[in-house]
Structures are given as structure tokens and as C-alpha cells.
Amino acid sequence: MISVSFVIWTIVFMQLNLFIKLLCLVFILLIGACSVSEPANENASPTLTLRIMETTDIHMYFANYDYFRKTKTESIGFVNTATLIKEARSEVQNSVLIDNGDLLQNSPLGDYEAQIRRDKILAGDIHVAFKAMNLLDYDVANIGNHEFNFGLEFLKASIKGANFPYISANVYKKNKNAEVVNAFSPYIIKPKTLIDVNGNSYEINIGYIGFVPPQIMQWDKSHLEGKVFAEDIIETAHKFVPEMKAKGADIIIAVPHSGLSMQDHKDGAENVALMLSKVPNIDAILFGHHHRLFPGDPTFDGFEHLGVNNKTGKLNGVPAVMPGFFGNHLGLIDLELKQSQNGHWSIEKSTVSVRAIASGSKRNNTFVDLAKADKAVSEAIKPQHEATIKWISESFAELSHPINSFFSLVQDDPSIQIVANAQIDWGKRFILGTELDGLPVLSAAAPFRAGRNGFEDFTYIKAGKVSLLDVVSLYVFPNTIRVVKLTGHDVKEWLERSAGQFNQIDPTSPKTQYLLNEAFPSFDFDVIDGVTYEIDVTQASRYNTEGHLQNDSAHRIVNLKYKGLPINLEGDFLVVTNNYRASGGGKFPNIDGVSRETFEGPDENRTVLRSYIQAQSNKSKGMGIKAKPDNNWQFKGIKTSVKLDVIFKSSPSLNAQNVSEKINAISITNPVRVDNDGLALYQIDLTTN
């Protein structure tokens, strides 16, 4: 039997245990309350994040439309990029948006604005580019080299329509007092309120400085000479960046419309992104001009020893991005900023990436549309876009056979031949009755649409009616015509520089070898008509991709002849070309607008081409013009006992495959192989019996 005392003590113990538990709970709550209410460390340095977004090289491709194919496409177009911009902006608390130029020229829409609507824009109407871009809240924009193509007056009238400032630090002019001043605002420092994770606001000063290749003075000499001049980019950066820091810029973003070169810097260099990364106090670099991706493009691999990290997007540790062309990518640099005790901000971490508007290939059924067209931007450009389609579709001549550029990099082809015929015809009439009359007239022309801008970037004009669109497809740029007087030796060196388009082929190797040097832009592969020649690709290239002599003993151009006889290296020749090349574009030896006498024509090359096509069509009396290549150049046959496997990339289209079936030396790979960019691989037989 349980005693009364035991029961009493048991009850007391239980109550005491409950009381202890309650005390413990109160103690725990008090400790928690103390920790919550403990004041923050007032000495802790704040941390902020900032997303920098870049567009570049839009080239008037605002619509998701391929003007040359007259079809809708989701692989290009600012209307799609706009969606990426809005998505990227919504993901973060703080962001800025910058455009890096080459905006106003290239697509037929750009021609329509510069030619048909020119007077209206000069009178104050807003250029269609800014009807679109003003909807995206850009912070600043840089001027690219192609902005100068239509002249200073048109450029200045156009950018007046932007709701954001434009910068360019290395273009100068003389004012009324003959003092040298900047032609545009060299830089801008804009205060930006950034919000941290706790909702606290901080104001930092972001400095933006822009640059353009000094070569604009050569490429657009007729528009710029006597009005402005350009200085070296790196020298200009060293001049202005310290000034920007002194004026309170917390971080500095460099926006060079310039590519990435691994060559040692020389005064007036065109592609200087890597050298800019060595300028003190530049915190991020947004570059372009090359129409490539950084990080990511494999041509930038293997240069870690020079400070190029193609995986993380760093140039000597500085975050840098280049987001393609035609709006196909958006560039992103995400910064983590930390403030020191003295109030200075520094970059603690950075992440660099590029976002595509689409991926995969329709041909392989792997295409994925990653960014639907933005409706507001589409509506803003709609009137000019539709008017452009109508304008370029008006026919003016007849074509008896189709013209294509599918294999323009590996054999003489009709797309270059018809340009050459037009230029030679114009050149002979240009010198008629002058002191130049009687000199041999040659033509230099390059394939502008040979896959550089994607697997659809090829010319294919069907037989039948010819429109202005077809002329633009054959000659993309609004160049003006030039004639250069030079020697036979100069002609040979010109061709040696062009032959840098090809990799050196080992005649003893059975391994797969790529014929085309992808770092060499196709618009620098000049075919010179009026002479005949062979290219020996078993030899090393005489010039590197930058146009500098690298192998003095190397000679790829062989059997160079004029009218069936070895060319007179001391004789005089006239070469019809364009203002870009004649003034030094591409760095061809002695072709710089100064070293050799140059004559300026009054017309655009496209106008010359259009007039020639129309005249020849009229002469045909309804039969139509026929652009048949004269096969004035070819590869020198390789004698080898080894079965060579030499391949190159071109269009995957059925039209291209059909053309290849008619060429003995070319065949598409079997089974058909397509690279990550949608380009098909073809084999070429370079051997001879």
C-alpha cells in the first residue's frame, strides 16, 4: 500500500520538474531575443551586386526577319534580344544596359532609313533604331565604326533620337578657335542607386568610356577627312580613365567597339580589348566588332599565357564580354561590389556569361526558341520594317541563271564574278580619255556572305526577276568605289594577304584537316579578276590574320599571269575596289590610301553593280543576265601518295548540296555532318594526278 508521504513527494517533484522546464524555456527565449535584438556591426562593409548588360553589332537587325530569304527567323533580331533584356533585368535588384555600336548600318532596314527616310530624320524624325531601343531604358551607348558610313550629319541627327547618352573618347575635332576638342562626349559618370539584400540604398558613380577603331579615318575618309580625326584607343584610355577616377567614378566600364587580338599593341591598333585590360582602374570591358562570343568562341582558346580566360570571361583578370551580332546574344557581367572603410568601392567577385535568343538547328530538329519576340518593340518598328520589305522587293532586271555564294571561299564563283564584271566595266569607262586610259583594269572583290554570320548567311538568288534585295545580298556594305594604281608586285602581295584565308595543309597527313582559317574574316578574302593565279595551300601563309608579314620566304600565289603571260611585277595596273579596302581596311600591303595613288569614284559599289545588272539585262533582250565564273583562280593541285581528308564548312541547305553535286572536287560529308553552329561539313579534293 502506497504511503501518503510518497504521493506528496511525487507531486512536489513533478511540479518542480515542470517549473525547471519552464525556466529553461524562458531562458532560451531570452537568449534568442537578445541575439535578435543585438545591434548590427556598424563597422561591417556593405556588399552590393550589379548586373551589366551589353548589346552590340545589331546592324539594324531589329525584326526577327531575314530580309535576304524573305522569311521570319528566331535566330536573329533585337525584338528577341529585348525579351532577354527584360528577363535578365527582372532577375536582379540592380542592373545597367549598354549598347556598343555598329547599330545603324547593314540590313536593308538601315539602308531604308539612310536613303529613303534620310531627309525626314535630318529634319527631326526619330530613327527607327531608337523607336525600339528607347523602350528598353538603356543607360548609355557607344559609337561603332559603321555609324560613320552615312556621314556625320546623318549620324548626329540619328542619335538625337536616343533617350540615352552617346560616348566616344578617341574622336576629336577642332572648334571655332582651332582648339582640339572631343567630337562626342568622351565619357559619362552617372550616379546609380543600388539596393542591397536588406533593402538599404547606396549611391555609386558608374563611369562609362567608349572607343571606336581609329581606322574610321581610312574606312570613311570621304565622310570624315577635314572634319574629325581619331587617336589611339589605349593612349586615350590612359588619358581619360585617371580623370574619371579623379571626378569620382567608383567603377569604370570600358566600352570599346574593338575586338580581341593577341598581337602586341601598335599605335592605332584596331582590336585592343586585351590591351585595355591592362589599363589601371578599368573594372569591366564590354567589347564587340568581331561578331564572336566571349567567353566561348573556340578561336580564343589557348591564350591563357596572355591573360585570356575563355571559360570565365576574364582578360588579365578583368571581366569582359562580347555577345555576338545581329542581336543573337545578350552579354552579362555580374559584379559583387564591396565598400571599404574609407568609402571606396571595389569588385570582390565577377561572373561573365552570354545568353542566346535561340539554340540548336531547325535542320536537325534541335532548334529551341529561347526568347519570343517582344510585342512592344515589334510594333514600334513595324511601319519601317514593312516599308523596307516592299522597297527591296521591286524588280528591275532579269537573271537567266541562279547566283550563289555557297563555295565562294574555295573556288571562283558567280557571286563574286558579277561584282568583278561590274567593277571592271565601270573602271574602263572611268579612265576613258584620261592619262590612265590604256592601263590594265583589274577588280578586287570579296565574298560578303560566306557563313560568317551563321548558316543562313549565304547568297542564293534564283533565276528570274532581280530586285534591289538581290543587289544588297551580293554587296552588303554601302561602300563607295575606288581605283588604286599599283604594280604587278603589289597585285601579288595583295593576293598573298588574301590567301591567309586558308590553313596550311600537310600533304603527308591522312588526318582530317580544316581548309579555312575561321579567324580570318571572309570580307578580307579578295579575289582579283583580270589576272589568273593558283594558291598553294601546302605553303605557310605569308601574312598573319592581322596583316603583318610573318613568313618572308613563304609564297602561296603561284603562276600569276596577265593575258596568259607571267605578270610584269614592275608594270602598272589599276585595281577597282571600295573605299574600305583602298584606305587600308584589312591591312593589305601598300594599300592604305597613301602609299599608292588612289582615285575616288562618285558612286556606291552597289549602285555600280545595280546599273551593270540592269544594262546587261536590257542587252540580253529578254534572255536575262548570266553570271558565269571565269575560273581565273584555283588551288594548286597537291601531289601526294596519301589520301587527304580536307574539309570546310558551308551552307547545309538543299540548294547548296545540289550545287556541290555539280562540282567534281566538292562533296558533302557522308553521312552529313553539321557543327554546333548549323554549318555543314564538306570535303574538297585538292590532289592532282
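Although no hydrogens or angles enter the test, the distance criterion places a donor-acceptor pair under 3.5 Å between the side chain of T73 and the main chain of S75. The closest donor-acceptor contact from the side chain of N309 to the backbone of G313 lies at 3.5 Å or more, if one exists at all. Checked by atom type and distance alone, the side chain of D102 never pairs as donor or acceptor with a backbone atom of D57 at under 3.5 Å. Of the possible polar contacts, none joining the E113 side chain to the I121 backbone as a donor-acceptor pair under 3.5 Å is found. Remark: the backbone N or O of I195 is paired with a side-chain donor or acceptor of N94 at under 3.5 angstrom. A donor-acceptor distance shorter than 3.5 angstrom exists from the side chain of N328 to the backbone of F325, with no hydrogens or angles considered. Proximity of a side-chain donor or acceptor of T83 to a complementary backbone N or O of A371 within less than 3.5 Å is not detected. Checking side-chain atoms of Q105 against main-chain N and O of E147 turns up no donor-acceptor pair under 3.5 Å.
What you find for V321 and G331 is that their closest heavy atoms are CG2-CA, 3.8 Å. The two residues A656 and Y682 make their nearest non-hydrogen contact at CB-OH, 3.6 Å. Closest of all the heavy-atom pairs between A680 and P652 is CB-CA, 3.6 Å. The two residues A269 and Q215 have their closest heavy-atom pair at C-NE2, 4.0 Å. Between E270 and S258, the closest heavy-atom pair is O-OG, 2.7 Å.
Taking the ring centroids of Y166 and F184, they lie at or beyond the 6.0 Å cut-off. Between F502 and F525, the gap from one ring centroid to the other is short of 6.0 Å. Ring centers of H146 and F477: under 6.0 Å apart, within the cut-off. Side-chain rings of Y65 and Y67 approach one another, their centers coming within less than 6.0 Å. The aromatic ring centres of H291 and H59 sit less than 6.0 Å apart.
With sequence neighbours excluded, the residues satisfying salt bridge (Lys or Arg N to Asp or Glu O under 4.0 Å) with E518 are K649.
Contact check for V92 versus T49: no side-chain heavy atoms found under the 4.5 Å cut-off. Within the 4.5 Å cutoff, no side-chain heavy atoms of L155 are placed close to those of F150. Considering only heavy atoms from C-beta on, S95 comes within 4.5 Å of M53 through its side chain. Within the 4.5 Å cutoff, the side chain of M60 has heavy atoms near those of the H127 side chain. In this structure, I85 and F78 have side chains that are in contact, with non-hydrogen atoms separated by less than 4.5 Å. Between Y580 and F523, some side-chain heavy-atom pair lies under the 4.5 Å cut-off. The shortest side-chain heavy-atom distance between L681 and V674 does not fall under the 4.5 Å cut-off. Within the 4.5 Å cutoff, the side chain of L332 has no heavy atoms near those of the V352 side chain.
Note: M275 CE to H265 NE2 = 6.0 Å, rounded to the nearest 0.5 Å. Atom OG1 of T47 is separated from atom CG of L337 by 9.0 Å, given to the nearest 0.5 angstrom. Between the CZ atom of F300 and the CG atom of N310 there is a distance of 7.0 Å, given to the nearest 0.5 Å. The line from OG1 of T236 to CG of N182 is 8.5 Å long, rounded to the nearest 0.5 Å. For the atom pair CG (D675) and CZ (R673), the distance works out to 10.0 Å, reported to the nearest 0.5 Å. The CG atom of L260 lies 11.0 Å from the CG atom of L276; values are rounded to the nearest 0.5 Å.
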From CA spacing to verdict: salt bridge (Lys or Arg N to Asp or Glu O under 4.0 Å), E91, R355 | CA-CA 14 Å; E91 295 167 356; R355 289 189 185 180; 2.7 Å; yes
Would you sort out whether H344 and D250 count as a side chain to side chain donor-acceptor pair (under 3.5 Å), showing the intermediate values?
-> CA-CA 7 Å; H344 294 303; D250 292 305; 5.6 Å; no
Dump the intermediate steps for side chain to side chain contact (heavy atoms under 4.5 Å, CB included) on L48 and Q339, then the final yes or no.
-> CA-CA 9 Å; L48 300 172; Q339 190 179 39; over 6 Å; no
Take H289 and N145, measure what side chain to side chain donor-acceptor pair (under 3.5 Å) needs, and give me the verdict at the end.
-> CA-CA 9 Å; H289 189 52; N145 54 283; 3.2 Å; yes
Derivation of the side chain to side chain donor-acceptor pair (under 3.5 Å) call for N80 and E74 | CA-CA 7 Å; N80 304 75; E74 302 303 335; 2.7 Å; yes
Take K86 and D374 through the salt bridge (Lys or Arg N to Asp or Glu O under 4.0 Å) test and state the conclusion after the steps.
-> CA-CA 9 Å; K86 291 180 178 180; D374 183 88; 2.7 Å; yes
Please test V228 against L152 for side chain to side chain contact (heavy atoms under 4.5 Å, CB included), starting from the C-alpha separation and ending with a verdict.
-> CA-CA 9 Å; V228 297; L152 280 172; 3.9 Å; yes
Is there a side chain to side chain contact (heavy atoms under 4.5 Å, CB included) between V308 and F294 once you walk through the steps?
-> CA-CA 10 Å; V308 179; F294 184 84; 3.8 Å; yes
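Just one residue in the list I251, V96, I189 forms a side-chain contact (heavy atoms from CB on, under 4.5 Å) with Y208, and that residue is V96.
Among residue pairs with one or both ends in residues 236-249, those qualifying as salt bridge (Lys or Arg N to Asp or Glu O under 4.0 Å) are E243-K247; sequence neighbours excluded. Residue pairs that meet the salt bridge (Lys or Arg N to Asp or Glu O under 4.0 Å) test with at least one member in residues 333-354, sequence neighbours left out, are R51-D334.
There is no side-chain donor-acceptor pair under 3.5 Å between N170 and D232. Under the 3.5 Å distance criterion, with hydrogens and angles disregarded, a donor-acceptor pair is assigned to the side chains of S261 and E546.
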For a quick test of your reading: what N or O donor-acceptor pairs under 3.5 Å do the side chains of residues 278-285 make, sequence neighbours left out?
residue: D283; atom: OD2; partner: I252; partner atom: N; Å: 2.8

Pairs under 3.5 angstrom only: tabulate donor-acceptor contacts from the side chains of residues 128-144 to other protein residues two or more places apart or in another chain.
residue: N134; atom: OD1; partner: N163; partner atom: N; Å: 2.9
residue: N134; atom: ND2; partner: F130; partner atom: O; Å: 3.0
residue: N134; atom: ND2; partner: G161; partner atom: O; Å: 2.9
residue: Y138; atom: OH; partner: T55; partner atom: OG1; Å: 2.9
residue: D139; atom: OD1; partner: L97; partner atom: N; Å: 2.9
residue: N142; atom: OD1; partner: F211; partner atom: N; Å: 3.4
residue: N142; atom: ND2; partner: N100; partner atom: OD1; Å: 2.9
residue: N142; atom: ND2; partner: F211; partner atom: O; Å: 2.9
residue: N142; atom: ND2; partner: V255; partner atom: O; Å: 2.8

Ignoring hydrogens and angles, write down the donor-acceptor pairs under 3.5 Å from the side chains of residues 199-207, residues two or more places apart or on other chains.
residue: N200; atom: ND2; partner: D196; partner atom: OD2; Å: 3.2
residue: N205; atom: ND2; partner: G248; partner atom: O; Å: 3.1

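Using the six-membered ring where Trp is involved, F240 and Y172 have ring planes that are parallel, under 30° apart on the 30 and 60° scheme.
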